[in-house]
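Structure, as structure tokens:
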Amino acid sequence: MPRPAAIPAGPWVGFLGVFALFSLLIGMKGDIGTFWSLGNAGVLVHEATIPAIVGLGMLLVLISGGIDLSVGAVVALVTVVTMKVYAAT
């Protein structure tokens with residue numbers, strides 16, 4: 001007996017909903033060509049790299065059984081220290 005087709009649920013539905021909302025709002029403004037451009041996709045990927053790496057690290061911590069929710073505090077501390085060193089040079 002074949003399995004029924006999966007209905008999209010969970011995070012994908014939320015992602016598609018938010019993406020559709022932004023597309024609609026930006027389309028009403030008239031800048032949809034800029035929003036759908038390859039350059040904008042590159043900027044979005046570039047800006048999402050650091051949160052993605054932090055998320056993967058958090059995933060590894062949770063999978064290993066060491067439920068430690070202080071990763072955000074460590075990221076904030078490292079960011080502040082890095083910017084202080086950057087500003088001093």
Side-chain angles (χ1 to χ4, degrees):
M1 183 166 141
R3 286 180 23 179
I7 298 173
W12 290 109
V13 172
F15 171 74
L16 291 175
V18 169
F19 194 74
L21 176 67
F22 274 90
S23 295
L24 177 71
L25 292 174
I26 292 171
M28 288 176 18
K29 187 178 174 190
D31 293 332
I32 196 71
T34 306
F35 180 68
W36 285 98
S37 69
L38 190 59
N40 189 41
V43 169
L44 290 176
V45 169
H46 184 265
E47 292 293 323
T49 302
I50 293 175
I53 292 171
V54 171
L56 287 173
M58 189 66 190
L59 177 68
L60 290 174
V61 168
L62 290 173
I63 287 175
S64 68
I67 298 178
D68 182 13
L69 301 177
S70 66
V71 174
V74 172
V75 170
L77 176 66
V78 169
T79 303
V80 169
V81 170
T82 302
M83 288 300 110
K84 290 284 190 182
V85 169
Y86 179 74
T89 58

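Treat the numbers as computed from the prediction; the structure is a model and nothing was measured. Values below: every heavy atom of this structure, side chains too, minus hydrogens, waters and symmetry copies.
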Which atom pairs, donor and acceptor, lie under 3.5 Å between side-chain atoms of residues 47-64 and protein residues at least two apart or in another chain?
unit_1: Thr49; atom_1: OG1; unit_2: Val45; atom_2: O; d: 2.9
unit_1: Thr49; atom_1: OG1; unit_2: His46; atom_2: O; d: 3.3
unit_1: Ser64; atom_1: OG; unit_2: Leu60; atom_2: O; d: 3.2
unit_1: Ser64; atom_1: OG; unit_2: Val61; atom_2: O; d: 2.9

Notebook entry, point to check: In terms of heavy-atom contacts, does CG of Leu38 have more than 12 from other residues, nucleotides or ligands at under 6.0 Å?
Noted result: no

Tabulate below the donor-acceptor pairs under 3.5 Å that side-chain atoms of residues 16-37 make, not counting sequence neighbours, or state none.
unit_1: Ser23; atom_1: OG; unit_2: Phe19; atom_2: O; d: 2.9
unit_1: Ser37; atom_1: OG; unit_2: Thr34; atom_2: O; d: 2.8
unit_1: Ser37; atom_1: OG; unit_2: Asn40; atom_2: N; d: 3.2

Notebook entry, point to check: Given a cutoff of under 4.5 Å between side-chain heavy atoms of I, L, V, M, F, W and Y, with clusters grown through shared members, what are the other residues clustered with Val78?
Noted result: Val74

Next item on the list: Identify the residue among Thr79, Val81, Val75, Val80 that makes a side-chain contact (heavy atoms from CB on, under 4.5 Å) with Leu77.
Entry: Val81

